[in-house]
Trainee: 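Got a structure for you, written out below as structure tokens; questions coming shortly.
Keep in mind that what you see is a predicted model, and the values were worked out from it rather than measured. Counting convention: from 1, in listed order, for ligands and their atoms alike.
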Amino acid sequence: MSSLTRLLQEKRKNEASNSSPRTSADTLTTTPESHPLDAQTRNKSSSHIASDSNSSNGERNRATMPVPGSVTTVTQIYSEEDSSSTAGSSLDERNQFSSSFLNSNFAHTASLYGTSAQRAAGLSSYGGSSLAPQNRITSRLSATSHTSGKVIPSLSSSIPYSVPNSNKDNNSSNSNSSSLSSSWLETYAGGLPSNISAIDSNVISSPKVDSVEPRFIISKQKLQKASMDNNNNTTATQARSISRSGSFSSQLGNLFFSKNSKESSNPNSAGMTYPANSNGPSTSIKNSNVANGSTAIPKPIRARQSSIYSVSRQPTGSYTDNLYGSPSSVHDHLPPSQSVPRSQHSSIGDLKRFFKKSSSSNLSSNNNNAIPNGSPVSTGMAVPSHSHSSSHFAAGNYPSSNSYNGNGDTIYSHAHGSAVPFSKRYVKTGEDLGAGAGGSVKLVQRIVDNQIFAVKEFRTKFENESKRDYVKKITSEYCIGTTLNHPNIIETIEIVYENDRILQVMEYCEYDLFAIVMSNKMSYEEICCCFKQILTGVQYLHSIGLAHRDLKLDNCVINEKGVVKLIDFGAAVVFSYPFSKNLVEASGIVGSDPYLAPEVCIFAKYDPRPVDIWSSAIIFACMILKKFPWKIPKLRDNSFKLFCSGRDCDSLSSLVTRTPDPPSYDESHSPEKKKSEGSSNNVSDPNNVNIGPQRLLHSLPEETQHIISRMIDLAPACRGNIDEIMEDPWIRSISMCRMVEDGLAFKVVEGDDHHHTQVDQSEAHIAGLEKKKKKDKQNNYQVSV
Ligand SMILES: Nc1ncnc2c1ncn2[C@@H]1O[C@H](COP(=O)(O)OP(=O)(O)OP(=O)(O)O)[C@@H](O)[C@H]1O
């Protein structure tokens, strides 16, 4: 029996015998006399809790790992730590995170991040009034916590999900979930909201392998040879074996590592010193720009962690120095002590299926015309064939793609002249744009036409990280990056492997949305425009079966024409494969704390789409409020606890596993009622704006409240899906800047009620903000001394 099931059974037992006292730790509400919200919002979760026989016995990615063998599900409900939070903070009390809260958070971080802890130790007063870009503890979580063989539930074993193109009549019968879903359907037939249908099955991610046996290692030359000899019968067997054993990851892995090992004795291939832009321990500073008493958004402590992202922004080594002739020094590897947890997300197996393996002709050297639309041709993969996405992918915006070319450096490209080495085609220019756990991003200029691009250099492999894991992480990110094609998604121009570095050349956007928000100059209409553009990008992603999972201000960039683009697909996952109605649940606590959806912290597996929806709503709230509503969606966070309070549920898990109410005739949403409900000053009144969803909603413009409340529904099954959100009257009414086709090119049609804020380039990117902050800090120090 899963913890969740046990929890809910206990809850029912408690409800049956009123005499049994409730433990304080089990209680969400801050006042014992809390009134139920209303009769309609009853908790039906218990009626839909499945036996967890369908839940995987897999590992659990979990933030709170220090206790070996601990049950990692819904622990926050019972945790001492959670219950120790004091009630009473409000959104305006953002600076008042208790020291125990900060300590507990630090402990959490320290236990997770290894070396990140040192950085975390430097964080002070996370909670609110400071702009602290370097507070980005950038470890991406997907650390796998072993759970002593205890069954860990997936959210779908408790609630039903919808999947893209799913239809309620079409349920497979291949899993326990199906039977759960059917009974659920029978119960609520006809009364289902549009975003709910039965889940067909859980697809468990591919098994993990710690290392690659030498016999599976295929050199790059071998791969090329196999490609060229593809039509030759004598090498057919070899080619087949390559495509069989050579998943995308292993092919690329072999490419990287055969080259790596070959060049290890070559002094020219040594990595170079990375510019010292690391984010040292920091204290928060006050952002003087923030008006009206509102405070700046502190940079979040990063929650995600995976092999590629498992440490914070550690300088690794710079391709730029290497490529542009700076003196060399090698420090490709992190300290041996650096632990590299394994990740379960973005498995290459998943990606392979997603990109739908194409015919072996993709391995042919003459494949420029074979694969349309910028698919990673050298990988033997084709673009996904989701019906929704066909228009995007069929658009054929990419002129051509190069496979491994003569010099073997360009892995993927639709840039002209990519046969010439990267270092001869681009020159570094300007300041660094940013550095994260996944790598560092620099500005380069293409020599041939002086066009500016952003280049992400992926981090090098950690010493104790398996090649397979490393390659898996890298490939998943750029696989996705090279496949996406939408105005609100950053465009990948090419992927290059050179001097032991993997470089992703992207279109450059002049500003980080974070920086624009922090300028405090955005108009409301401009915020709405950015929000709608983000949603448009999310809609595209979801339509093709991908979820981003790390949506946040920092992962949105904006160009000078006001077009917002989503970046950083290092945490993205496939949730649906072409022509499949199965939902592939995601796993792991992946994302950044303040933007995390609550279910991510509770369940081993979850539908990643509502997670994106939640994060998008938090982005909107941040843009409006210039601060985070809470630090982390756990009950130990007082602000979040208050947000969860005042509902007719006594545990967070019950709230998160709620399913939508069937439509009710007498359900009243009349504005009058809402108004009278909202005006309560009674702390035990669930309509009090200091607790419950109103706590956040009341500080947002009225017209936004309905859809934002749908987006931050604690229960993912009740959360609005992206299509519903786009249909919201307020969202529809937003005048959004957008790209439209203009002959062969695109032009931007600006929204008619706003202009997009521009800031000085020195503060346009997070790296610039960090630099400025450091400088300010030094100045302050000098003044005080
Ligand atoms: N195409 C781009 N145009 C402009 N700036 C960019 C671009 N891509 C990335 N950046 C800048 O570089 C920063 C880091 O990029 P990215 O998030 O992809 O790296 P990361 O290593 O995955 O970081 P993190 O660990 O924060 O996820 C961004 O926050 C942004 O400031």
Trainee: Please identify which atoms of ligand 1 are closer than 4.0 Å to at least one heavy atom of Met506.
Mentor: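 What qualifies from ligand 1 is 1 (N), 8 (N).
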Trainee: With rounding to the nearest 0.5 angstrom, report the SG to CD1 distance, Cys556 to Ile534.
Mentor: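 The distance works out to 3.5 Å.
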Trainee: Do any N/O atoms on Gly438 end up under 3.5 angstrom from N/O atoms on ligand 1?
Mentor: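 Yes, since at least one N or O of Gly438 sits under 3.5 Å from an N or O of ligand 1.
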Trainee: For ligand 1, find out whether one of its N or O atoms is nearer than 3.5 Å to an N or O atom of Asp568.
Mentor: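 The answer is yes, given that Asp568 and ligand 1 share an N or O pair closer than 3.5 Å.
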Trainee: Do Arg425 and Glu498 meet the salt-bridge criterion of a basic N to acidic O distance under 4.0 Å?
Mentor: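 No.
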Trainee: Less than 4.5 Å apart, side chain to side chain, heavy atoms only: is that true for Asp554 and Asp568?
Mentor: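 They are not in contact (no side-chain heavy atoms under 4.5 Å apart), so the answer is no.
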Trainee: As an exercise, state the distance from CE of Met518 to CG of Leu553, rounded to the nearest 0.5 Å.
Mentor: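 The CG atom of Leu553 is 9.0 Å from CE of Met518, to the nearest 0.5 Å.
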Trainee: Once you round to the nearest 0.5 Å, how far does CD of Glu599 lie from OH of Tyr606?
Mentor: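 The CD atom of Glu599 sits 8.5 Å away from the OH atom of Tyr606.
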Trainee: Salt bridge check, Arg446 against Glu494: does any charged N sit closer than 4.0 Å to a carboxylate O?
Mentor: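 Answer for the salt bridge query: no.
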Trainee: Under 4.0 Å from a heavy atom of Ile490: give me the atoms of ligand 1 that qualify, with their elements.
Mentor: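 In order of numbering, the contacting atoms are 1 (N).
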Trainee: Using a strict 4.0 Å cut-off to heavy atoms of Ile766, name the atoms of ligand 1 that fall inside it.
Mentor: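 Atoms satisfying the 4.0 Å criterion: 29 (O).
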Trainee: If you measure every N or O of Tyr508 against every N or O of ligand 1, does any of those distances drop under 3.5 Å?
Mentor: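 Not met; the criterion fails.
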Trainee: Between Ala454, Gly570, Ser440, Gly434, flag the one that comes closest to atom 7 (C) of ligand 1 by a heavy atom.
Mentor: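 Residue with the shortest heavy-atom distance to the ligand atom: Ala454.
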Trainee: Could you tell me, atom by atom, which parts of ligand 1 come under 4.0 Å of a heavy atom of Asn555?
Mentor: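 Here the atoms of ligand 1 in question are 17 (O).
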Trainee: Heavy-atom contacts with Val441 under 4.0 Å: which atoms of ligand 1 show up? List them by number with element.
Mentor: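 The list of qualifying atoms is 8 (N), 9 (C), 10 (N), 12 (O), 14 (C), 15 (O).
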Trainee: Just jot down the ligand 1 atoms closer than 4.0 angstrom to any heavy atom of Asp554, in number order.
Mentor: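 Atoms satisfying the 4.0 Å criterion: 29 (O).
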Trainee: Will you find, in the side chains of Ser592 and Lys552, an N or O donor that is under 3.5 Å from an N or O acceptor?
Mentor: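 Ser592 vs Lys552: donor-acceptor pair found between side chains.
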Trainee: At a non-hydrogen distance cut-off of under 4.0 Å, which region of Leu433 contacts ligand 1 (side chain, backbone, both, or neither)?
Mentor: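 Both backbone and side chain.
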Trainee: Is Cys509 close enough to touch ligand 1? Criterion: a residue heavy atom under 4.0 Å from a ligand atom.
Mentor: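 Yes, Cys509 has heavy atoms under 4.0 Å from ligand 1.
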Trainee: Does the side chain of Val573 come within less than 4.5 Å of Val590's, by heavy atoms?
Mentor: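 Heavy-atom side-chain distance check fails, nothing below 4.5 Å.
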Trainee: If I take atom CD from residue Gln451 and atom OH from residue Tyr508, how far apart are they, to the nearest 0.5 angstrom?
Mentor: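 That separation rounds to 13.0 Å.
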Trainee: Quick one: look at Lys565 and ligand 1, take heavy-atom pairs under 4.0 Å, and tell me if it's side chain, backbone, both or neither.
Mentor: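 Under 4.0 Å from ligand 1, Lys565 contributes no heavy atoms.
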